[in-house]
S.K.: 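Here you go, one structure.
Chain identifiers are assigned alphabetically (A, B, ...) following the order of the sequence lines, protein sequences preceding nucleic acid strands; residue numbering begins at 1 within each chain.
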2 protein chains.
Amino acid sequence: MPNAFLRKLDSFEPLHPDDRDWLKSISSRTREVDADIDLISEGDNPENVLLILAGFAMRYKVTSDGRRHIFAYLIPGDFCDLHVALLKKMDHSIATLSPCRVAYLSPGTILELTERRPSLARALWMCSLVDEATLREWLVNLGQRSAPHRISHLFCELHERMKAVGLTDDGSFELPLTQAELSDTMGLSIVHANRSLKELREAGLVSLKNERIVIPNVRRLAEYSDFDPSYLHLRWPALAHGSRQR
Amino acid sequence: MPNAFLRKLDSFEPLHPDDRDWLKSISSRTREVDADIDLISEGDNPENVLLILAGFAMRYKVTSDGRRHIFAYLIPGDFCDLHVALLKKMDHSIATLSPCRVAYLSPGTILELTERRPSLARALWMCSLVDEATLREWLVNLGQRSAPHRISHLFCELHERMKAVGLTDDGSFELPLTQAELSDTMGLSIVHANRSLKELREAGLVSLKNERIVIPNVRRLAEYSDFDPSYLHLRWPALAHGSRQR
DNA sequence: CGCACGATTGATGTCCCTCAACATGAGTGG
DNA sequence: CCACTCATGTTGAGGGACATCAATCGTGCG
């Protein structure tokens with residue numbers, strides 16, 4: 001696989017060949033991790049910066065009454081904790097959802113990067129800006145949309161992001177999520193998530209089977225979801241763009 | 001006022017005296033802006049980086065069906081769009097909620113800063129990390145908590161942040177929000193936000209009058225809200241810390 | 001005064017939750 | 001090969017949280 005990470009950075013802005021080479025050279029120390037393993041836990045003071053090379057992971061937090069909330073999905077090419085290098089302590093946890101290949105970068109590598117490769121540093125900063133924009137969009141999603149629209153909006157986003165790293169197959173991609181995870185993401189009960197999925201399925205908008213999602217008509221789903229990919233700041237969004245007004 | 005911005009950065013990590021002086025020197029170009037004015041609109045390509053020196057502002061977005069969602073409040077010392085300097089287009093809008101004093105920094109200033117003042121640059125990066133952590137916490141808030149708890153959690157956060165910049169008076173501070181704004185923040189209807197406020201008021205937890213909030217017992221409200229300030233990454237949180245388990 | 005805006009309250013409906021039962025499929029051990 | 005378990009998905013019934021519609025009330029302001 002030609003490195004989803006390179007592909008992702010490239011999809012923001014073309015990378016310098018020098019930077020490409022340098023990036024390839026550093027992805028040395030990698031590890032295979034099983035599904036359902038915490039990569040980083042809340043309260044940790046992480047020593048490495050982690051990069052997902054393959055597989056699916058999530059950021060989450062557990063409230064004091066035991067409710068879990070998932071607020072990000074990490075797909076190949078995503079950093080786990082670029083941002084937290086600066087902070088003393090993780091304020092949330094990260095766990096794998098499927099078996100993953102993970103690169104462990106030393107803080108020194110990141111430091112070197114920020115000092116000697118300004119254009120790359122910009123690209124990385126860009127990554128965290130997009131993460132932030134994504135959080136904002138998720139907030140809108142939770143605050144303003146009904147369950148089925150919420151869920152389908154998530155699917156649109158994941159499709160767009162998976163496509164940017166070359167992991168879609170014509171509206172279909174791996175999605176190793178249980179309905180429990182989906183509901184903890186959407187602030188819904190499992191039961192209601194299930195019923196909403198059923199509604200989407202019966203409307204012919206999405207079907208979900210064997211850890212794989214199929215979207216027969218991506219554009220139709222995007223319209224249904226009021227999905228406008230501009231917050232992802234990709235150079236080539238799969239969708240021209242939604243119908244959001246000013 | 002001894003510059004809320006300095007105070008904020010200081011509350012993450014003590015500032016270098018040199019950096020303090022430099023910071024004071026740049027807050028030259030400021031402007032007074034009325035309430036309810038868009039500082040930046042979605043789609044803009046902003047030319048300046050804005051810093052709130054006094055007053056209250058918000059980030060928001062409007063969905064295609066006309067629903068507004070607010071996903072951040074900006075208080076003195078907060079950057080509006082540090083982050084978006086890199087992006088081509090704003091993916092959301094920023095508007096004042098009260099009359100504000102705003103500093104306009106040229107992108108050049110920021111560039112100079114990131115190149116010549118690494119420790120300051122770290123402090124600024126820190127600001128965006130905290131913004132991001134705050135978004136995550138808001139997501140948990142919307143996804144997992146009931147209306148009254150949601151609202152009181154917001155109040156706890158604002159109290160903590162206002163305190164960090166010296167704008168609280170013993171559990172009380174300016175809060176120029178209408179119930180409409182509150183409900184657009186919380187993903188609630190105005191009516192329900194009103195009833196939830198009533199509940200909080202009758203429980204003696206908070207009262208809200210004349211654009212000012214009074215929290216008789218901050219610790220009690222924090223317990224009620226399951227509020228743990230650690231996501232704000234302040235050096236001296238007003239609250240020792242909540243009861244969040246691992 | 002009369003107007004606009006925000007806050008408040010009542011009545012009614014709906015979205016979503018909880019509890020509970022049952023179905024399905026993968027894995028395990030006999 | 002079958003009984004068993006466990007995790008996940010699915011469906012029904014009833015209740016609660018929250019939405020919507022509508023009316024009223026206070027207050028600052030031209």
S.K.: For the pair made of CG in B:L182 and C1' in C:dC5, what is the distance, rounded to whole Å?
M.R.: 17 Å
S.K.: What is the separation between atom CG on A:D36 and atom C1' on D:dT8, rounded to the nearest whole Å?
M.R.: 13 Å
S.K.: Let me know the distance between CG of B:D184 and P of C:dG6, rounded to the nearest Å.
M.R.: 12 Å
S.K.: Is it true that B:E157 and B:Y231 share a donor-acceptor pair across their side chains at a distance under 3.5 Å?
M.R.: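 Side chains of B:Y231 and B:E157: pair found under 3.5 Å.
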S.K.: Regarding A:R136 and A:E132, does a basic nitrogen lie under 4.0 Å from an acidic carboxylate oxygen?
M.R.: yes
S.K.: Starting at atom CG of B:L208, determine the distance to atom C1' of C:dT8, rounded to an integer number of angstrom.
M.R.: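 So the CG-C1' distance, B:L208 to C:dT8, works out to 14 Å.
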S.K.: For B:L197 and C:dA7, what is the distance between atoms CG and P respectively, to the nearest whole Å?
M.R.: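 Between P of C:dA7 and CG of B:L197: 9 Å.
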S.K.: Parallel, tilted or perpendicular for A:F227 and A:H153, by the 30°/60° rule?
M.R.: perpendicular
S.K.: What is the distance, rounded to the nearest whole Å, between atom NE2 of B:H149 and atom P of D:dA17?
M.R.: 12 Å
S.K.: Once you round it to whole Å, what is the distance between P of D:dT10 and NZ of A:K209?
M.R.: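 Taking atom P of D:dT10 as the reference, NZ of A:K209 is at 10 Å.
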S.K.: As an exercise, state the distance from OG of A:S225 to CG of A:L200, rounded to the nearest 0.5 Å.
M.R.: 8.0 Å
S.K.: Could you tell me if B:H192 and B:S189 have a donor-acceptor pair between their side chains, going purely by distance under 3.5 Å?
M.R.: no
S.K.: If you measure from CG on B:D226 to CZ on B:R145, what distance do you get to the nearest 0.5 Å?
M.R.: 5.0 Å
S.K.: Is the distance from OP1 or OP2 of C:dA7 to the nearest side-chain N or O of B:N194 less than 4.0 Å?
M.R.: no
S.K.: Angle between ring planes, B:H92 versus B:F71, binned at 30° and 60°: parallel, tilted or perpendicular?
M.R.: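 Taking B:F71 first and then B:H92, their aromatic rings stand perpendicular (interplane angle over 60°).
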S.K.: Between atom CD in B:E181 and atom P in C:dC5, what is the gap in whole Å?
M.R.: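 In whole Å, C:dC5 P lies 14 Å from B:E181 CD.
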S.K.: Please produce a list of atom pairs where a protein N or O lies less than 3.5 Å from an N or O of nucleotides 10-17 of chain C.
M.R.:
residue: C:dG10; atom: N7; partner: B:R195; partner atom: NH1; Å: 3.4
residue: C:dG10; atom: N7; partner: B:R195; partner atom: NH2; Å: 3.3
residue: C:dG10; atom: O6; partner: B:R195; partner atom: NH2; Å: 3.3
residue: C:dA11; atom: N6; partner: B:R195; partner atom: NH2; Å: 3.1
residue: C:dC16; atom: OP1; partner: A:A147; partner atom: N; Å: 3.2
residue: C:dC16; atom: OP2; partner: A:H192; partner atom: NE2; Å: 3.0
residue: C:dC16; atom: O5'; partner: A:H192; partner atom: NE2; Å: 3.2
residue: C:dC17; atom: OP1; partner: A:G187; partner atom: O; Å: 3.4
residue: C:dC17; atom: OP1; partner: A:S189; partner atom: N; Å: 2.9
residue: C:dC17; atom: OP2; partner: A:S189; partner atom: N; Å: 3.0
residue: C:dC17; atom: OP2; partner: A:S189; partner atom: OG; Å: 2.9

S.K.: Assess the side chains of B:T178 and B:E181: does a donor N or O sit below 3.5 Å from an acceptor N or O?
M.R.: yes
S.K.: What class does the angle between the rings of B:F79 and B:F5 fall in, given that below 30° is parallel, 30 to 60° is tilted and above 60° is perpendicular?
M.R.: perpendicular
S.K.: Are any protein N/O atoms closer than 3.5 Å to N/O atoms in nucleotides 26-30 of chain D? If there are, list each pair with its distance.
M.R.:
none

